[in-house]
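Heads up, the thing below is written out as structure tokens.
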Amino acid sequence: MDIAHCHLDGNADAVEFCPHESFHNVLAACTYTLQEGDQPSRTGSISLFDVDAESSRLNLTQRVQTAGIFDIKWSPVGGNVGPSLAQADANGYVRVHRLKSCLDGSDIPGNHLLELCDEHVSSSMCLCIDWNPSATSLAVGLSDGSVSIISLLESQLSISRDWKAHDFELWAASFDIHQPQLVYTGSDDCKFSCWDLRDDPSNLAFQNRKVHTMGICCITKSPSDPYTLLTGCYDEHLRVWDVRSISKPVHETSISLGGGVWRIKHHPSVPNLVLAACMHNGFAVVKVKGDTAEVIETYNKHGSLAYGADWQRGLGRNGRGKNNVIATCSFYDQLLRVWIPEGDIPECDTVL
């Protein structure tokens with residue numbers, strides 16, 4: 001069921017609902033636009049929206065002009081910082097924006113972002129970003145195949161370590177939310193790697209070079225199962241890994257989604273239910289159960305590359321049940337959509 005839609009001011013590549021209580025209505029969407037010519041530039045923006053699915057409301061509250069953005073992530077609930085949005089951009093910067101509201105005594109009405117700090121990570125482009133569970137560090141993947149760990153302390157960013165992790169562009173860098181000393185990376189070199197931050201970064205915890213037949217686009221750990229990890233790949237497969245043996249995942253199973261799997265997002269309250277952005281084949285809601293994965297619904301109302309996808313947090317109507325509101329965006333048509341799956345999705349009243 002479609003709720004609302006709008007066009008952004010550039011090529012849309014990521015959307016993120018704020019997970020923090022009292023801000024579940026806040027949606028951030030970012031853009032990346034290459035301005036070609038004698039002096040090419042990469043421009044972008046972050047658009048902040050107020051979303052109310054029950055009244056079909058999608059109101060723009062702020063737009064921040066910046067460098068072209070490849071990825072954004074809200075800080076995790078329970079971390080050491082309040083609601084904050086991190087960006088990885090084409091100028092090689094990591095920037096952290098603090099979310100404020102008019103209740104904070106600001107002169108700006110409604111929810112808005114204020115830049116807290118920034119760090120120039122590299123002359124290469126920052127392609128992906130992820131927070132550790134305590135919101136004290138960020139993992140950043142770079143276009144030269146490097147990964148950087150950025151510390152956030154007292155509103156200051158600093159590079160704590162970096163190393164050459166892959167041969168080509170590093171599109172996926174993700175902390176293990178159950179074992180945050182582990183960082184997973186994936187790249188256009190088809191290598192799926194794990195690094196232990198307690199060790200020298202040149203020493204791999206494990207690496208798989210054989211399973212992914214094309215570049216790895218995303219890696220995400222299940223919030224409900226400490227042993228389950230998912231990878232998405234240009235080869236159109238979503239893969240489910242069991243990582244109980246850290247030196248080598250003991251098994252993996254996969255499902256073809258008919259398009260490169262660029263983004264995977266777990267449902268905030270239904271275990272093992274994920275939303276996938278499938279590039280050339282729209283979006284899919286997938287149920288993962290044990291060694292099997294099943295597509296339970298697809299959404300194909302975007303007109304170009306399906307890149308950004310996320311679930312809204314919080315409860316459903318009248319404060320009960322689940323919230324199945326989804327935001328998605330597509331690249332060349334610059335389109336943002338908010339919708340609800342039409343099929344039945346299992347109830348779960350426990351927010352993960």
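The basis for the numbers below is simple: all heavy atoms, side chains too, and nothing from hydrogens, waters or symmetry mates. Please read all numbers here as calculations on a predicted model, not as lab measurements. One is the number of the first residue; the rest follow in order along the sequence.
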Inspect the contact between R239 and D235 and indicate whether a charged nitrogen and a carboxylate oxygen are less than 4.0 angstrom apart.
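Result for this pair is yes, salt bridge flagged.
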
[X], [Y]: one ILVMFWY side-chain cluster at the under-4.5 Å cut-off?
{"X": "V77", "Y": "L99", "result": "no"}
{"X": "V121", "Y": "L138", "result": "yes"}
{"X": "V285", "Y": "M279", "result": "no"}
{"X": "L273", "Y": "V288", "result": "no"}

For [X] against [Y], the heavy-atom pair lying closest together:
{"X": "C18", "Y": "W74", "answer": "N-NE1, 3.4 Å"}
{"X": "R337", "Y": "K301", "answer": "NE-O, 3.0 Å"}
{"X": "A309", "Y": "A277", "answer": "CB-CB, 4.3 Å"}
{"X": "W311", "Y": "V274", "answer": "CZ2-C, 4.1 Å"}
{"X": "L197", "Y": "W163", "answer": "CD2-CH2, 3.9 Å"}
{"X": "V94", "Y": "L157", "answer": "O-CD1, 3.7 Å"}

Whether [X] side chain and [Y] backbone form a donor-acceptor pair below 3.5 Å:
{"X": "D144", "Y": "S124", "answer": "no"}
{"X": "E297", "Y": "E342", "answer": "yes"}
{"X": "N132", "Y": "S137", "answer": "yes"}
{"X": "D242", "Y": "R244", "answer": "yes"}
{"X": "H20", "Y": "S75", "answer": "yes"}
{"X": "H120", "Y": "S122", "answer": "yes"}
{"X": "T33", "Y": "N11", "answer": "yes"}
{"X": "S160", "Y": "I149", "answer": "yes"}
{"X": "T61", "Y": "L48", "answer": "yes"}
{"X": "S148", "Y": "I150", "answer": "no"}

Do the non-hydrogen side-chain atoms of [X] and [Y] ever get within less than 4.5 Å of each other?
{"X": "W195", "Y": "L204", "value": "yes"}
{"X": "L152", "Y": "C117", "value": "yes"}
{"X": "I3", "Y": "S56", "value": "yes"}
{"X": "C6", "Y": "F49", "value": "yes"}
{"X": "C128", "Y": "L170", "value": "yes"}
{"X": "Y234", "Y": "C217", "value": "yes"}
{"X": "C233", "Y": "V261", "value": "no"}
{"X": "L230", "Y": "H266", "value": "yes"}

Any chance you could lay out the side chain to side chain contact (heavy atoms under 4.5 Å, CB included) test for S146 and D162, step after step, and finish with the verdict?
CA-CA 7 Å; S146 299; D162 53 19; 5.7 Å; no

Short side-chain donor-acceptor distance under 3.5 Å, [Y] and [X]:
{"X": "N25", "Y": "D50", "value": "yes"}
{"X": "E169", "Y": "S143", "value": "no"}
{"X": "D333", "Y": "S304", "value": "yes"}
{"X": "H166", "Y": "K191", "value": "no"}
{"X": "Y299", "Y": "D2", "value": "yes"}
{"X": "T31", "Y": "S45", "value": "yes"}

Does K289, at its NZ atom, have more than 12 non-hydrogen atoms belonging to other residues, nucleotides or ligands within less than 6.0 Å?
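No.
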
Has Q35 got more than 12 heavy atoms of other residues, nucleotides or ligands less than 6.0 Å from its CD?
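Atom CD in Q35 is packed in, count exceeds 12.
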
Should S187 and D167 be marked as a side chain to side chain contact (heavy atoms under 4.5 Å, CB included) after you check the CA-CA gap, both sets of side-chain angles, and the distance that decides it?
CA-CA 8 Å; S187 162; D167 301 324; 6.0 Å; no

Quick one: do N323 and F17 satisfy side chain to side chain contact (heavy atoms under 4.5 Å, CB included)? Show the steps, please.
CA-CA 12 Å; N323 189 352; F17 275 108; over 6 Å; no

Check the pair F192, F206 against ring pair (Phe, Tyr, Trp, His ring centres under 6.0 Å), reporting the backbone distance first and the verdict last.
CA-CA 8 Å; F192 170 37; F206 78 75; 5.2 Å; yes

Out of V64, L116, T66, which residue meets the side-chain contact (heavy atoms from CB on, under 4.5 Å) rule with R95?
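Filter result, single survivor: T66.
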
Might you work through the side chain to side chain contact (heavy atoms under 4.5 Å, CB included) test for W131 and V96, ending with a clear yes or no?
CA-CA 11 Å; W131 294 85; V96 175; 4.2 Å; yes

Scan R263, K265, K73 and name whichever one has a salt bridge (charged side-chain N to carboxylate O under 4.0 Å, His left out) with D310.
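The salt bridge (charged side-chain N to carboxylate O under 4.0 Å, His left out) with D310 is passed solely by K265 among R263, K265, K73.
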
